[in-house]
Chemist: 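This is the structure I want to talk about, given as structure tokens.
All chains are named by letter (A, B, ...) in the order of the sequence lines, taking the proteins before the strands, and each is independently numbered beginning at 1. In this text the structure is predicted, and so the values were computed from the model without any measurement.
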Amino acid sequence: MAPRAPKGTRDVLPAEGRVRARVEAVAADVMAANGFGRIVTPTFEETEVFVRGVGTATDIVRKEMYTFDDRGGRSMTLRPEGTAPVARAYVEHGMHKLPQPVKLWYMAPMFRYEAPQSGRFREHWQVGAEAFGSDDPLLDAEMIALLAEIYARLEVPEVRLRISSMGDPDGRGAYREKLLAHLRPHADSLPRDARERMDENPLRLFDMKDEAVQRAMAGAPLLVDNLGDAARDHHDRVLEALRLMGIPFEEDPSLVRGLDYYTRTVFEFTCDRLGAQSGIGGGGRYDGLVASLGGPEVPGVGFGTGVERITLALGEAAADAPVVDVYLAVPDADIRLALMPVLRDLRRSGVRVEAGPSGKGLKAMMRHASGLGARTVVIVGPREHAEGRATIRDMQTGDQVEVPVEDIARNVVADGGAA
RNA sequence: GUGGGCGUAGCUCAGCUGGUAGAGCUCCUGGUUGUGGUCCAGGCGGUCGUGGGUUCGAGUCCCAUCGCUCACCCCA
């Protein structure tokens with residue numbers, strides 16, 4: 001059996017690669033406009049980074065990590081999410097001594113051992129941004145606006161924003177008891193996995209699609225109605241800022257992000273084009289994360305958005321675009337050899353050039369040139385070569401002119417507008 | 001981990017109640033001693049996912065297994 005790409009992974013071929021390049025370019029542009037510097041963290045980290053950063057109650061840590069012992073017996077894990085490693089780098093490099101907030105972004109692959117399906121992979125790429133060192137609610141709103149701007153610039157269709165607040169850790173404990181009190185009478189009617197979640201994180205029952213769960217949650221007390229004063233004010237400021245910036249949103253009290261570190265603001269962008277995985281990007285505030293990784297008490301806010309989900313939402317990858325401007329068709333192998341310097345000079349001048357392989361007939365080369373979408377073909381046969389000349393053919397009009405070999409570059413640029 | 005669907009040429013697929021494999025596209029060659037995209041002719045290309053069973057005979061039926069895919073859970 002020939003090897004295949006591992007389950008849940010995929011090859012990105014050139015047509016889709018162009019779409020991804022655009023996503024990256026737009027992200028880089030918008031990030032720069034918002035004062036974010038790019039950071040690259042290792043593809044794998046000490047397992048501890050994710051256990052402490054993401055939290056042991058999460059699915060990611062409990063069953064989705066690619067963890068292995070290296071040859072020195074240290075436990076390592078392929079990065080399953082982007083925020084904890086960036087927070088680790090923030091602490092490691094003492095960035096709390098820089099002017100705050102420190103704003104960092106990345107585009108990097110993430111690895112999670114899950115059952116793949118449409119829009120869900122074991123390796124996927126995320127564009128993410130993190131801002132440390134400020135608890136200003138307006139920063140939350142700026143982060144949301146930044147992500148919305150990326151979607152807008154890419155023209156991702158049917159994007160909607162849902163937002164809520166997780167409150168502060170102290171207030172959440174009290175709320176948790178209220179929620180459990182509401183749920184206990186319904187416990188017998190709930191499926192097993194729902195009852196298990198009651199113990200770990202009852203908030204997550206809000207997100208389950210099971211009908212019995214939905215019924216039980218119907219009259220449940222809402223976290224947003226039980227916020228402390230500080231969290232309440234924070235949330236109101238975020239929403240007000242969004243309104244002032246003209247960013248539409250829906251308040252959704254059932255929005256619960258699956259990572260333990262979130263505090264206060266949580267948000268998620270969805271796209272109806274995506275099928276079951278409607279989430280295209282999301283994030284929130286994580287005021288305790290840096291401290292949990294051994295750093296100072298520094299607040300933070302960030303988001304991640306899935307590159308594959310963006311390209312999925314954008315629809316089919318763009319049709320094949322021409323990959324060359326000029327095609328050099330030289331059937332005779334010795335003449336082809338003699339023209340190697342010409343080929344080099346053309347490429348140096350910035351023209352995209354493909355040269356037909358030695359040993360092919362002119363007809364095959366013309367077909368090749370046409371298939372590649374070349375606008376200009378330069379033909380040098382025995383007669384032209386003897387005279388130090390070349391035939392230049394415009395593939396759209398079929399017009400041909402003969403010029404001295406030294407003038408090829410000048411002519412293809414001028415005639416084809418190719419450079 | 002649990003359930004549904006599907007596995008025939010590089011791609012998209014056909015193959016009826018079992019009789020020993022086909023089309024379109026792509027690619028290559030020729031029609032045009034050195035000129036493409038159209039047209040015409042020809043060609044390359046398949047252990048029918050794999051293993052076993054039933055049968056004179058299995059791509060078609062049965063069992064197992066692997067893979068892909070969609071969905072649940074959860075997430076990007």
Chemist: Let me check something: any side-chain donor-acceptor pairs from residues 329-337 of chain A under 3.5 Å, sequence neighbours excluded? List them with distances.
Modeler:
{"from": "A:D332", "atom 1": "OD1", "to": "A:D334", "atom 2": "N", "distance (Å)": "2.9"}
{"from": "A:D332", "atom 1": "OD1", "to": "A:I335", "atom 2": "N", "distance (Å)": "3.0"}
{"from": "A:R336", "atom 1": "NE", "to": "A:G356", "atom 2": "O", "distance (Å)": "2.9"}

Chemist: Report the distance from atom CZ of A:R375 to atom C1' of B:G37, rounded to the nearest whole Å.
Modeler: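 After rounding, the gap between these two atoms is 16 Å.
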Chemist: Among B:C70, B:U29, B:C74, which nucleotide sits nearest the side chain of A:Q117?
Modeler: B:C70
Chemist: Can you name the salt bridge (charged side-chain N to carboxylate O under 4.0 Å, His left out) partners of A:D225, sequence neighbours left out?
Modeler: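 Listed in chain order: nothing, the list is empty.
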Chemist: Kindly indicate whether the side chain of A:F50, heavy atoms from C-beta on, has any atom under 4.5 Å from the side chain of A:P80.
Modeler: yes
Chemist: Testing A:T311, A:L312, A:T305, A:I280 for side-chain contact (heavy atoms from CB on, under 4.5 Å) with A:V156, which one passes?
Modeler: A:I280
Chemist: Can you check the A:F121 CZ to B:A76 C1' distance for me, whole Å?
Modeler: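 Spelled out: CZ on A:F121 to C1' on B:A76 is 10 Å.
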Chemist: With A:R79 as the cation and A:F111 as the aromatic partner, state whether NZ or CZ is under 6.0 Å from the six-membered ring centre and within 45° of the axis.
Modeler: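 The answer is no, since A:R79 fails at least one limit relative to A:F111.
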Chemist: Rounded to whole Å, please give me the gap between CD in A:E64 and P in B:G1.
Modeler: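 It works out to 14 Å between those atoms.
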Chemist: Salt-bridged, A:E114 to A:K7, with N to O below 4.0 Å?
Modeler: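 Answer for the salt bridge query: no.
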Chemist: Measure from NZ or CZ of A:R10 to the centre of the six-membered ring of A:F121 and say whether it is under 6.0 Å with the direction within 45° of the ring axis.
Modeler: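 Verdict for A:F121: a cation-pi partner in A:R10.
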Chemist: What pairs of nitrogen or oxygen atoms, one from the protein and one from nucleotides 2-5 of chain B, lie under 3.5 Å apart?
Modeler:
none

Chemist: Partners of A:H368 by ring pair (Phe, Tyr, Trp, His ring centres under 6.0 Å), sequence neighbours excluded?
Modeler: A:Y327
Chemist: When you check the gap from the basic side-chain N to the acidic O, do A:R264 and A:D168 get nearer than 4.0 Å?
Modeler: yes
Chemist: Keeping to residues at least two apart or across chains, list the salt bridge (charged side-chain N to carboxylate O under 4.0 Å, His left out) pairs with something in residues 360-369 of chain A.
Modeler: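 Applying salt bridge (charged side-chain N to carboxylate O under 4.0 Å, His left out) to every pair that reaches into residues 360-369 of chain A, excluding sequence neighbours, yields nothing.
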Chemist: Grab the CE-P distance between A:M365 and B:C28 for me, whole Å please.
Modeler: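 So the two atoms are 12 Å apart, to the nearest Å.
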Chemist: Toward the 5' end of RNA chain B, which comes first, A:G8 or A:F269, by nearest nucleotide?
Modeler: A:G8
Chemist: Mark up nucleotides 30-36 of chain B, 5' to 3', with B wherever a protein heavy atom is under 4.0 angstrom from a base atom, S wherever such an atom reaches only the sugar-phosphate, and - elsewhere.
Modeler: -B--BBB
Chemist: Let's see if you get this right: which residues in residues 122-129 of chain A place a heavy atom under 4.0 Å from RNA chain B?
Modeler: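 When residues 122-129 of chain A is checked for heavy atoms under 4.0 Å from RNA chain B, the hits, listed by number, are A:H124, A:Q126.
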Chemist: Does anything in residues 26-47 of chain A pair up under salt bridge (charged side-chain N to carboxylate O under 4.0 Å, His left out), and if so which pairs, sequence neighbours excluded?
Modeler: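 Output for this query lists A:E24-A:R38, A:D29-A:R153, A:E45-A:R88.
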Chemist: Nearest whole Å is fine: how far is B:A76 P from A:Y106 OH?
Modeler: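 In whole Å, B:A76 P lies 9 Å from A:Y106 OH.
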Chemist: Only counting residues at least two apart or in another chain, list the ones meeting salt bridge (charged side-chain N to carboxylate O under 4.0 Å, His left out) with A:R22.
Modeler: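 Not a single residue meets the salt bridge (charged side-chain N to carboxylate O under 4.0 Å, His left out) criterion with A:R22.
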Chemist: Whether A:S118 contacts B:C70 is assessed here as follows: a side-chain N or O lying under 4.0 Å from the phosphate OP1 or OP2. Is that the case?
Modeler: yes
Chemist: Could you measure between the two C1' atoms, the one in B:G51 and the one in B:C70, and give it in whole Å?
Modeler: 27 Å
Chemist: Using a 3.5 Å limit on both distances, find every run of at least three consecutive Watson-Crick or G-U pairs that involves RNA chain B.
Modeler: B:1-7 with B:66-72, B:10-13 with B:22-25, B:27-31 with B:39-43, B:49-53 with B:61-65
Chemist: For A:R160, what residues pass the salt bridge (charged side-chain N to carboxylate O under 4.0 Å, His left out) criterion, not counting sequence neighbours?
Modeler: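 So A:R160 forms a salt bridge (charged side-chain N to carboxylate O under 4.0 Å, His left out) with A:E250, A:D272.
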Chemist: How would you list, by chain and number, every residue that makes a salt bridge (charged side-chain N to carboxylate O under 4.0 Å, His left out) with A:R112, sequence neighbours excluded?
Modeler: none
